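Okay, so here's the structure we're looking at.
Within every chain, numbering begins at 1; the chains are lettered A, B, ... in the order of the sequence lines, protein sequences first and strands thereafter. Please read all numbers here as calculations on a predicted model, not as lab measurements.
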Amino acid sequence: MKELPKAYDPRTVEDRVYKSWEQRNLFAAKEDGKKKPYSIVIPPPNITGILHMGHALNNTIQDILIRFKRMQGHESLWMPGTDHAGIATQNAVEKDIAKENLRRQDLGREEFIERVWKWKEEYGSTIIHQLKKLGASCDWSRTRFTMDDAYSRVITDVFVRLHGKGLIYQGNYIINWCPRCHTALSDEEAPRKELQGSLYYFKYPFKDDAKKYVMVATTRPETMLGDTAVAVNPKDKRYKKYIGQTLILPLINREIKIIADDMVDKKFGTGAVKVTPAHDPNDYAMGKKHGLEFVNVMHPDGRMNENAGEYKDMDRFEARKVILKDLKEKNLLEKVEPHQLSAGHCYRCHTIIEPYLSKQWFVKMKPLAKPAIDAVKKGKIKFYPARWTKVYLNWMENIHDWCISRQIWWGHRIPVYYCTQCEEVIVSNARPDKCPKCNSEALEQDPDVLDTWFSSWLWPFATFYWPFSEGDEKNKTEFEYFYPTNVLVTAQEIIFFWVARMIMAGFEFTGEIPFKDVYIHGTVRDDTGTKMSKSLGNVIDPLEIIGSFGADALRFSIISITATGQDVFLSPRRFEIGRNFANKIWNATRYILTTFQNDINVDLCVYAKAASLKTVDKWILSRFFSALKDITESLDNYRFNDAASRIYEFFWHEFCDWYIEFTKLSAGEKSTQIILYKVLEKSLRVLHPFMPFITEELWQNLPHERDPIMISSWPHLQKQFISKELEDDIEGVIQVITAIRNIRSEWNIDQRTEIKVVLSYKQPKHGNILKDLEAYIKKLCRVKALEIGKGIAKPSHSAYAAPQMAEVYIPLEGIIDFEKEKSRLIKQKQEVVKRLEVIAQKLKNKNFMERAPKDIIEKTKLSETGFKSTLKRLEENLKDLS
RNA sequence: GGGCGGUUAGCUCAGCUGGUUAGAGCGCGUGCCUCACAUGCACGAGGUCAGAGGUUCAAGUCCUCUACCGCCCACCA
């Protein structure tokens with residue numbers, strides 16, 4: 001037998017173990033009619049991504065599920081892949097070429113795209129390697145990329161289908177514009193953040209009488225250059241008389257009308273609002289309604305344009321300052337108030353977005369949302385924790401159309417072609433040879449690309465390359481087998497971005513749900529509660545943790561401290577839990593292996609002959625199987641931290657602390673060896689989904705040649721071994737031992753001093769158990785002589801230490817403070833009697849349940865069977881007490 | 001303006017369907033290098049479960065309100 005090192009060193013194990021799995025091709029999943037499928041699609045990380053704690057948590061959870069289900073006999077498929085991450089990747093590559101003093105415009109579109117692909121080849125799979133470090137058991141042979149040809153075909157297909165159904169349209173609207181990335185963004189990509197800004201009050205003079213004016217208030221003074229009206233509420237007495245009159249827009253000297261609109265809030269600002277239809281969504285709506293002029297005053301990069309008069313080419317914020325100065329000089333700036341406002345920020349570069357009028361492509365969302373809402377309402381898709389259901393429904397019911405075109409280069413080109421001759425718009429899967437209308441060959445493809453999420457929302461089925469071309473039986477069969485997937489594991493941040501849209505796409509294109517469950521885990525934060533992010537510099541690098549503590553330690557720690565759906569606060573020290581536990585598992589196994597001596601060829605199946613087992617053997621089996629039951633249930637309910645702490649508790653504090661210590665008395669005996677072995681190997685299997693590396697390594701060190709633990713089976717629950725009575729008995733013995741140790745410690749009796757203990761008991765049952773386990777007590781408490789008998793010791797504490805041999809008299813019933821215990825029992829008994837009386841009275845009233853009004857039953861929350869079972873339990877309690 | 005989460009030991013947090021004496025890890029105190037493990041072992045101290053009402057035979061757990069902390073959504077110029 002190999003000698004195992006004294007401390008577990010993950011660095012010598014993990015890579016080797018992972019490679020062995022890969023070599024045996026254990027990750028591959030295939031259609032297998034005999035097995036039930038279990039499938040998960042990974043939330044595809046960005047190719048620009050590097051593994052952070054959020055990934056670590058997210059992927060550990062998925063890997064636990066996948067490994068658990070695989071062991072339970074399912075055909076487990078974890079579909080991996082990466083996302084091309086349009087803006088993020090383009091930004092990264094632009095940064096990269098900036099080192100060569102190049103902008104993307106210098107390279108031109110084609111060459112730039114080539115550079116992105118090259119960049120992708122070099123860095124794009126970093127995150128995949130890091131996921132392997134974490135132990136992820138994805139089917140890597142299927143690794144998808146959202147820009148792959150096959151995947152891209154799905155996207156084009158979907159675009160054409162939606163357009164055909166009238167669900168995609170093009171139009172001029174106010175969208176979120178990032179002046180730095182030069183692209184439109186969806187609402188979800190432009191989250192609003194609170195800003196400390198100002199509210200500026202301007203005077204707009206009347207045309208007829210320059211001394212009179214209307215005062216307006218704004219937070220974005222620079223947009224005033226594009227004002228084409230001033231709006232007031234029609235019911236506002238202050239302004240009613242001015243409606244229809246003409247004002248002169250200062251600085252620009254444009255004539256603008258005063259209009260009336262219900263949208264104007266009388267109470268805000270001055271009650272009169274400047275209207276800039278080209279730079280504000282509300283004003284846009286008003287502009288459409290009132291037929292106003294749309295004056296765009298900005299370049300796409302955020303500088304003012306030719307419509308801005310003398311402010312042309314100034315940056316928008318520079319222009320703001322100058323305009324304020326000029327207005328002040330003209331005595332038109334009344335006052336400035338501090339004002340809390342919120343403005344959209346680009347989710348990629350954090351630049352303040354500009355509401356900007358431009359022509360974009362949109363998806364009509366309302367029709368898509370309907371089936372997706374119904375599915376969740378009917379429980380076809382369940383959220384865990386359930387509270388997210390409401391968040392999802394609320395968003396879905398107020399859904400807005402989705403702006404899907406982006407003015408960047410890296411992404412899926414929009415499959416739309418324009419005829420330069422007759423301006424025909426052609427939507428087509430492939431580039432048409434000529435214009436169907438005028439036969440011209442001068443066709444130009446729309447320069448824009450699609451929102452990255454337009455590819456992600458197809459992920460659950462596009463990864464199977466749906467829709468299937470004729471003869472593509474392989475993908476079709478697999479799709480039918482593995483789809484819908486079982487669960488989607490993700491963080492709350494992308495419920496709207498991604499989860500909701502996937503559900504809509506699932507129904508629209510496959511007619512089915514894309515997944516049955518959605519498990520939303522918490523956000524990873526640092527120990528002060530701040531979200532971890534690179535820019536804040538508060539990240540804990542998972543790879544560093546893996547480097548020093550090991551992947552298993554990382555996995556186990558993060559799982560056991562993350563309660564279902566709660567955010568998790570991390571500091572590096574918290575990973576010691578997992579490291580220490582791994583070391584414990586290592587050493588327990590190491591110890592058990594030494595007990596096998598040379599005779600390892602024991603008949604390992606005979607443990608079923610329970611009759612020949614010792615009490616402690618039966619006890620540990622009982623404890624194991626009840627732990628197994630709990631853990632299996634917890635995993636089935638996505639209660640990962642419960643499962644992790646349960647196995648931790650069992651393995652460390654029951655198996656190691658007590659059972660292994662018990663067995664040291666009978667280490668050479670065959671039955672002891674068998675049970676030690678059995679419980680160990682079963683525990684390793686239960687631990688495997690949480691800590692795959694160390695369990696595989698130890699498994700391979702167990703006697704006999706064996707297949708990897710990764711493809712072993714989840715232990716079979718054997719209920720007949722679970723015995724509550726037996727567990728209580730040993731629990732009692734453990735209490736006795738603890739009490740003796742306690743006395744030893746309290747009286748400062750040195751560990752080396754041998755003592756004599758006299759135990760007395762009242763209940764014969766206890767006495768028998770104690771006698772049965774006398775040797776264990778003596779060994780674990782270092783007791784030289786132990787006397788057990790009825791009524792030997794007095795019914796109170798009486799013990800003393802002698803110089804040579806301490807003698808300790810302990811009445812068993814008095815291990816816990818006898819008087820206190822007695823009064824507690826009496827009190828408890830009285831309470832039980834009281835409860836019994838009340839409940840019995842209610843039951844006696846035979847027709848109670850029928851006669852009771854519904855709301856009372858509701859209120860008491862007790863059904864008739866509830867009453868009866870309560871009664872039964874209380875009666876049992878009473879029996880025990882007598 | 002809506003919605004959600006949190007408030008339990010010195011710290012970080014568990015506690016699912018209400019039911020014996022409210023738990024863990026870390027930290028702290030005492031004693032141990034006991035031949036698997038000092039990444040360890042044994043023992044211990046430490047909690048009026050944010051506050052106030054209510055429902056119930058029984059409330060950390062359910063209901064109502066209040067306070068503080070945090071998050072999300074919204075067309076607050």
Side-chain angles (χ1 to χ4, degrees), chain A residues 4 6-8 174 191-192 199 216-220 223 231 263-265 267-269 272-276 280-285 339-342 355 385 387-388 390-391 394-395 398 400 492-493 495-496 522-523 527 529 531 549 553 557 560-571 573-574 576-577 579-595 633-634 637 639 641-642 645 648-649 656-657 660-661 738 741-746 748 750-752 780 782 816 821 824 828 831-832 834-839 841-842 859-862 870 873-874 877 880:
Chain A
L4 295 175
K6 195 170 165 182
Y8 173 56
I174 298 273
R192 301 184 84 92
L199 191 57
V216 297
T218 182
T219 55
R220 293 189 297 150
T223 62
M263 264 171 75
V264 179
D265 179 358
K267 284 178 229 125
F268 189 90
V273 53
K274 57 190 269 317
V275 182
T276 325
D280 183 277
N282 284 324
D283 296 6
Y284 175 83
H339 183 71
Q340 189 91 348
L341 65 124
S342 65
R387 70 183 129 93
W388 294 110
K390 218 171 153 183
V391 176
N394 184 47
W395 186 76
N398 297 298
H400 291 96
Q492 60 195 53
E493 290 99 26
I495 292 179
F496 306 139
T523 306
D527 53 1
K531 190 174 160 180
F549 292 169
S557 303
S560 51
I561 61 185
T562 307
T564 312
Q566 283 306 124
D567 287 356
V568 53
F569 292 35
L570 285 181
S571 71
R573 292 216 57 190
R574 308 209 67 184
E576 290 173 8
I577 305 171
R579 179 199 55 178
N580 296 354
F581 188 40
N583 197 52
K584 191 75 184 176
I585 298 167
W586 183 262
N587 276 293
T589 308
R590 204 161 65 93
Y591 168 72
I592 291 169
L593 288 179
T594 64
T595 66
E633 276 172 16
S634 294
N637 291 299
R639 302 185 63 86
N641 64 322
D642 284 350
S645 7
Y648 179 92
E649 175 68 21
C656 292
D657 285 355
I660 290 183
E661 293 306 320
T738 307
R741 284 171 172 172
N742 177 2
I743 286 169
R744 194 193 256 285
S745 167
E746 226 169 74
N748 289 323
D750 187 272
Q751 293 219 352
R752 280 158 297 230
L780 291 178
R782 292 161 182 269
I816 311 163
E821 183 70 356
R824 191 182 68 82
Q828 195 181 345
E831 249 173 53
V832 170
K834 203 174 100 198
R835 287 177 196 180
L836 271 174
E837 277 166 3
V838 174
I839 293 168
Q841 190 59 44
K842 287 191 176 173
K859 237 176 163 182
T860 55
K861 284 183 186 164
L862 277 175
T870 308
R873 196 175 56 244
L874 291 174
N877 281 359
D880 286 352

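Taken to the nearest 0.5 Å, the CG atom of A:L780 stands 10.5 Å off from the CG atom of A:D657. For the atom pair NZ of A:K6 and CZ of A:R590, the computed distance is 7.0 Å after rounding to the nearest 0.5 Å. Expressed to the nearest 0.5 Å, how far CZ of A:R220 lies from NZ of A:K274 amounts to 7.0 Å. Remark: A:D642 CG to A:S560 OG distance equals 11.0 Å, nearest 0.5 Å.
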For nucleotides 25-27 of chain B, which of its nitrogen or oxygen atoms have a protein nitrogen or oxygen under 3.5 Å away, and what is each distance?
| unit_1 | atom_1 | unit_2 | atom_2 | d |
| --- | --- | --- | --- | --- |
| B:rG25 | OP1 | A:H653 | NE2 | 3.4 |

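Nucleotide B:rG3 holds its P atom 7 Å from the NZ atom of A:K390, rounded to whole Å. Look at CZ on A:R590: it is 14 Å from P on B:rU39, rounded to the nearest Å. The nearest whole Å value for the distance from the CH2 atom in A:W586 to the P atom in B:rA38 is 14 Å.
Rounded to a whole angstrom, the distance from the C1' atom of B:rU39 to that of B:rC33 is 14 Å. Using C1' as the reference atom, B:rA45 and B:rU7 are 25 Å apart when rounded to the nearest Å. The gap from the C1' atom of B:rC65 to that of B:rU55 amounts to 15 Å, rounded to the nearest Å. Taking the C1' atom of each, B:rA67 and B:rA77 are spaced 34 Å apart, rounded to whole Å. Separating the C1' atom of B:rC41 from that of B:rG46 is a span of 22 Å, rounded to the nearest Å. Between B:rG15 and B:rU8, the two C1' atoms lie 9 Å apart (nearest whole Å). Nucleotides B:rG3 and B:rG40 place their P atoms 48 Å apart, quoted to the nearest Å.
When heavy atoms are screened at a 4.0 angstrom cut-off, A:V275 is found touching no nucleic acid atom at all. A:S645 comes within 4.0 angstrom of no nucleic acid atom, judged by non-hydrogen atoms across all strands. As judged by a 4.0 angstrom heavy-atom cut-off over every strand, A:T738 is placed among residues touching the sugar-phosphate backbone only. Heavy atoms of A:E661 sit under 4.0 angstrom from at least one base atom. Note on A:D265: a base of the nucleic acid sits closer than 4.0 angstrom, heavy atoms only. Within 4.0 Å (heavy atoms only), A:N742 reaches sugar-phosphate atoms of the nucleic acid but no base atom. Nucleic acid contact class of A:V391 (heavy atoms, under 4.0 Å, all strands): none.
The shortest non-hydrogen separation linking A:N583 to A:A7 is OD1-CA, 3.5 Å. Shortest non-hydrogen contact noted between A:A588 and A:I660 is CB-CD1, 4.2 Å. Listed here is the closest heavy atom pair of A:V273 and A:V216: C-CG1, 4.2 Å. Looking at every heavy atom in both residues, A:T589 comes nearest to A:I585 through OG1-O, 2.8 Å.
Between A:W586 and A:Y8, the ring planes lie tilted relative to each other; the angle falls in the 30° to 60° range.
With sequence neighbours left out, A:S342 forms a side-chain hydrogen bond (donor to acceptor under 3.5 Å, both in side chains) with A:R192.
The side chain of A:R639 approaches B:rC16 more closely than any other nucleotide in the set B:rC16, B:rC4, B:rA36. Distances were taken from every side-chain heavy atom of A:N583 (C-beta onward) to each of B:rA14, B:rC37, B:rA36; the shortest belongs to B:rC37. Of the candidate nucleotides B:rU39, B:rC71, B:rG5, B:rU39 has the atom nearest to the side chain of A:A7.
Position along RNA chain B of the nearest nucleotide to A:F496 versus A:T218 favours A:F496 as the more 5'-ward residue. Each of A:R579 and A:R741 has a nearest nucleotide on RNA chain B; the 5'-most of these lies closest to A:R579.
At a cut-off of 3.5 angstrom, the base of B:rC37 holds at least one donor-acceptor pair with the side chain of A:K584.
Between A:Y284 and A:V275, the closest side-chain pair of non-hydrogen atoms is not below 4.5 Å.
Pairs of Watson-Crick or G-U wobble type, with distances under 3.5 Å, assemble into runs of 3 or more in RNA chain B at these ranges: B:1-7 with B:67-73, B:10-13 with B:23-26, B:28-32 with B:40-44, B:50-54 with B:62-66.
The side chain of A:K6 places no N or O atom within less than 4.0 Å of a non-bridging phosphate oxygen (OP1 or OP2) of B:rG40.
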